[in-house]
Amino acid sequence: MVIRVTAESRCRTSYSRVNCRYLSVGWRRIAGVRIAVVPEGDGAGRARVLDGPTEAVGDLAAWMGEQQRRHDVRWVLPSTEELYPTLLRAGVRLDRCHDLALAEGILLAFEERPHRPRNLGAAWARTRGLPEPADPRPQTRGEQPTLFEADRGTTPVGADPLDAAVAVLADQERRIAATAQPDRLRLLVAAESAGALAAAEMSHHGLPWRTDVHLAMLEDLLGQRTAPGVRPAKLADLADRISAAFAGRPVNPDHPPSIVRAFAREGVEIPSARAWVIKELDHPAVAPLLEYKELSRLYVAHGWSWLDSWVDGGRFRPEYVVGGVVSGRWATRGGAALQLPRTLRTAVRSDPGWVLVCADASQLEPRVLGALSGDRRFAEVSESADLYTSLAADAFDGDRGRAKIAMLSAMYGGTSGEAGPLLAVLRKRFPQAVEYVEQAARAGEEGRVVRSRLGRTSPPPSEAWRELTSDYDGEQAEKRGRQAAREWGRFTRNFVVQASAADWALTMLATLRRNLAVSAPEAQIVFFQHDEVIVHCPEAAAEAVSADVSKAAEQSSTLVFGATPVRFPLEATTVTSYADAK
DNA sequence: TGCCCTGGCGCC
DNA sequence: AAAGGGCGCCAGGGCA
């Protein structure tokens, strides 16, 4: 079953007649019933079947689990992120929900007022013209309550939170219905809400992480663990060699200006201490410096203290922030889960008897551009498993490298060197695809917002930007203004592609989650990063999981882009170590 | 001492 | 090989 964006309308009559008593004693499964829930502290809470009476529940988790078993529920939650971890610890899994705060965030962005608070209290206050309470500070690790917290500053002032939840839901549905393409926004809200469920489940299950493998790697590359603030042996040695290469004058390789000054003393002027700048120099310090940078990165970002903080019981448990990026990509709070270095993937191993099904959408963004723009010739190119190779064959004399530069320049707004002429070739061959992103760039330069396929909306530029780009006073101001305009144009150019790719990936994730619940209930989605997903499952379930992955990709393509000829391959490989994927 | 900025670099 | 877009995180250092 895919996400049913129209389920509400069809089910409305069937549940308007039921009430909580019916739910409690019910013997018949009710399809699509919506139940709003607010936690009230000490594990208790109140619930209301929409249009029905309110029920006070002593053990909210147990009650929700019971309803979830009996009926097909869409839970209406003020904040999945706050409620669901507690439910998961109590062993309760929710099928689907409508997250009021996430929906509010999407709608506020759509309505071009992205900086207003999105919590339930604020959303309710706006419906009454009352002052809006600010969003609460996100909870950090270690502060997690063992039971539900009733009030984290988002309770509507002067209203029953359950009344507020129901009122805000109605308000959101009205606002969605008033848009030009309500089905798209409904899908986006459903996918975002499902994403919130998946994110909490991922943190709950954790990514399988072999501490012993990680430790062995650290010791091999860096030496024995040292006290905080003391460089491990290999780094200390490299630092000495760097200073020696600069005539013995001490250089702090952790301090870029110190490196720049050291080279300057030897008559080598460099604009920065970036690795790719240093790589070009001919100097005895170059080799140890580059090695130091690489190892130091591992030590600082994913060394022993990272292991202490983030890996527990053989699981890496990051906290995902759903909708944390304006484009709809996820962010993380701590743990740097979305920046796992490739070299560390070898520490990600399945449990005995289990496997990792790793799925990666290949060249998602150019394919998304093909589907967005409806460029038929471009769609033909995307028939191939390797889009860049067929693009090269079609328009770049078989030169895959140049084809890729041209494509990336179109999507990111590249201006350097080769980009111009290559983009011209692309434009001539695929006018619709290139025009799509150039239109988005022009919108940004003129201060207008752009939207993803499903309606995720770019933030309007700041007041400062508007001042900078209007009423030029002098040559300098004009130059700065034009530069600011071009920069914002690059942002909106990229936004339409990146955000639509996020639409696709989120819908795929939501669909996969539903598929797995049916065909491989033991399987756990344990990682999701922009365009890839990892499922941890018993070996016997691997085939079913792989099939679900492919199916999810197809379903997502149809849900998001309709009948597009563009293919979105999501290649799944079954491995026991993440390092062996692909 | 804590806050904020910068440079640098990991991922997509 | 880097460059264009998006992030998070860390160390260093300036400043209150």
Side-chain angles (χ1 to χ4, degrees), chain A residues 228-229 231 235 239 251-261 270-280 289-290 292-303 305-306 309-310 318-321 323-345 360-366 368-369 400-402 404-420 422-423 437 440-441 444 450 452 456 458-459 486-502 504-505 527-533 578 582:
Chain A
R231 286 193 182 115
L235 286 179
V251 174
N252 181 359
D254 289 323
H255 190 215
S258 158
I259 299 171
V260 173
R261 281 198 301 268
I270 48 174
S272 76
R274 290 184 172 87
W276 64 267
V277 171
I278 290 171
K279 207 170 290 172
E280 300 305 315
L289 251 176
L290 293 175
Y292 182 93
K293 278 174 177 287
E294 202 179 321
L295 291 180
S296 156
R297 174 77 200 174
L298 175 69
Y299 170 58
V300 162
H302 291 96
S305 65
W306 181 89
S309 311
W310 297 103
E319 292 173 50
Y320 298 94
V321 185
V325 181
V326 288
S327 66
R329 280 184 174 183
W330 291 8
T332 53
R333 226 177 349 246
L338 304 184
Q339 298 120 264
L340 285 184
R342 298 191 90 85
T343 51
L344 265 181
R345 291 184 179 184
D360 192 324
S362 51
Q363 301 137 356
L364 179 58
E365 294 193 345
V368 161
L369 177 55
R400 188 179 182 280
R402 290 171 66 231
K404 192 171 174 181
I405 293 172
M407 200 64 233
L408 294 185
S409 300
M411 294 188 299
Y412 294 163
T415 49
S416 73
E418 278 187 293
L422 291 179
L423 194 53
V437 279
V450 294
S452 75
R456 184 100 51 183
S458 69
R486 273 197 307 273
E487 278 171 13
W488 198 253
R490 279 201 296 275
F491 167 63
T492 52
R493 168 196 292 265
N494 181 247
F495 184 96
V496 291
V497 178
Q498 187 187 112
S500 300
W504 182 91
F527 191 60
F528 173 62
Q529 170 174 253
H530 310 316
D531 63 356
E532 67 174 305
V533 64
Y578 185 24
K582 278 215 273 193

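Naming convention: chains lettered A, B, ... in sequence-line order (proteins, then strands); numbering from 1 in each chain. As the structure is a computational prediction, the values presented were derived from the model and not from experiment.
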Taking the side chain of [X] as its heavy atoms from C-beta onward, which of [options] lies nearest to it?
{"X": "A/Asp531", "options": "C/dA2, C/dG8, B/dC12", "result": "B/dC12"}
{"X": "A/Ala275", "options": "B/dC12, C/dC7, B/dC9", "result": "B/dC9"}
{"X": "A/Arg329", "options": "B/dG10, C/dA3, C/dG6", "result": "C/dG6"}
{"X": "A/Lys293", "options": "C/dA11, B/dC12, B/dG8", "result": "B/dG8"}
{"X": "A/Trp276", "options": "C/dA3, C/dG8, B/dC12", "result": "C/dA3"}
{"X": "A/Arg274", "options": "B/dC11, C/dC7, B/dG8", "result": "B/dG8"}
{"X": "A/Ile405", "options": "C/dG6, C/dA3, C/dC9", "result": "C/dA3"}
{"X": "A/Ser272", "options": "C/dA2, B/dG8, C/dG12", "result": "B/dG8"}
{"X": "A/Asp254", "options": "C/dG6, C/dG8, C/dG12", "result": "C/dG12"}
{"X": "A/Pro256", "options": "C/dG6, B/dG8, B/dC12", "result": "B/dG8"}

By the 4.0 Å heavy-atom rule, please label [X] as base, sugar-phosphate, or nothing.
{"X": "A/Arg493", "answer": "nothing"}
{"X": "A/Gln498", "answer": "base"}
{"X": "A/Ala273", "answer": "sugar-phosphate"}
{"X": "A/Gly335", "answer": "sugar-phosphate"}
{"X": "A/Ala301", "answer": "nothing"}
{"X": "A/Arg345", "answer": "sugar-phosphate"}
{"X": "A/Leu408", "answer": "base"}

Notebook entry, point to check: Where the side chain of A/Trp306 meets the backbone of A/Gly335, is there a donor-acceptor pair that is under 3.5 Å apart?
Noted result: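 Indeed, once roles are kept as given, a pair shorter than 3.5 Å links the two residues.
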Margin query: Does C/dG13 have OP1 or OP2 under 4.0 Å away from a side-chain N or O of A/His255?
Written below: yes
Next item on the list: Begin with the C-alpha distance, continue with both residues' side-chain angles, and end with the deciding distance and a verdict on side chain to side chain contact (heavy atoms under 4.5 Å, CB included) for A/Asp531 and A/Trp504.
Entry: CA-CA 9 Å; A/Asp531 63 356; A/Trp504 182 91; 5.9 Å; no
Spacing between [X] atom [atom1] and [N] atom [atom2], to the nearest angstrom:
{"X": "A/Tyr292", "N": "B/dC9", "atom1": "OH", "atom2": "P", "result": "12 Å"}
{"X": "A/Glu294", "N": "B/dC11", "atom1": "CD", "atom2": "C1'", "result": "15 Å"}
{"X": "A/Tyr299", "N": "C/dC9", "atom1": "OH", "atom2": "P", "result": "19 Å"}
{"X": "A/Leu364", "N": "C/dG6", "atom1": "CG", "atom2": "C1'", "result": "14 Å"}
{"X": "A/Phe528", "N": "B/dC12", "atom1": "CZ", "atom2": "P", "result": "13 Å"}
{"X": "A/Arg231", "N": "C/dC10", "atom1": "CZ", "atom2": "C1'", "result": "14 Å"}
{"X": "A/Trp488", "N": "C/dG6", "atom1": "CH2", "atom2": "P", "result": "8 Å"}
{"X": "A/Lys404", "N": "C/dG4", "atom1": "NZ", "atom2": "P", "result": "16 Å"}

Next item on the list: Compare the ring of A/Tyr412 with the six-membered ring in the base of C/dG4 and state whether they stack (centres under 5.5 Å, planes under 30°).
Entry: no
Notebook entry, point to check: Is A/Glu294 paired with A/Lys279 through a side-chain N to carboxylate O contact shorter than 4.0 Å?
Noted result: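 No, this pair does not count.
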Margin query: On DNA chain C, does the nearest nucleotide to A/Arg490 precede the nearest nucleotide to A/Lys279 from the 5' side, or the other way round? Give the residue.
Written below: A/Lys279
Next item on the list: Report the residue (A/Asn252 or A/Leu338) whose heavy-atom-nearest nucleotide on DNA chain C is the more 5′ of the two.
Entry: A/Leu338
Note to self: Over 60° means perpendicular and under 30° means parallel, so tell me whether A/Phe491 and A/Trp488 are parallel, tilted or perpendicular.
What the structure shows: tilted
Checklist line | Syn/anti state for C/dG12 [syn: chi within 90° of 0] | finding: anti
Next item on the list: Can you tell me the pairing partner of C/dG14 across any strand shown, Watson-Crick or G-U wobble, with both distances under 3.5 angstrom?
Entry: B/dC3
Check: Taking a pair as Watson-Crick or G-U wobble with both distances under 3.5 Å, which nucleotide is matched to C/dA3?
Finding: none
Could you tell me the separation between the [atom1] atom of [X] and the [atom2] atom of [Y], rounded to the nearest 0.5 Å?
{"X": "A/Gln498", "Y": "A/Met411", "atom1": "CD", "atom2": "CE", "result": "10.5 Å"}
{"X": "A/Glu319", "Y": "A/Thr332", "atom1": "CD", "atom2": "OG1", "result": "9.0 Å"}
{"X": "A/His530", "Y": "A/Glu365", "atom1": "NE2", "atom2": "CD", "result": "10.0 Å"}

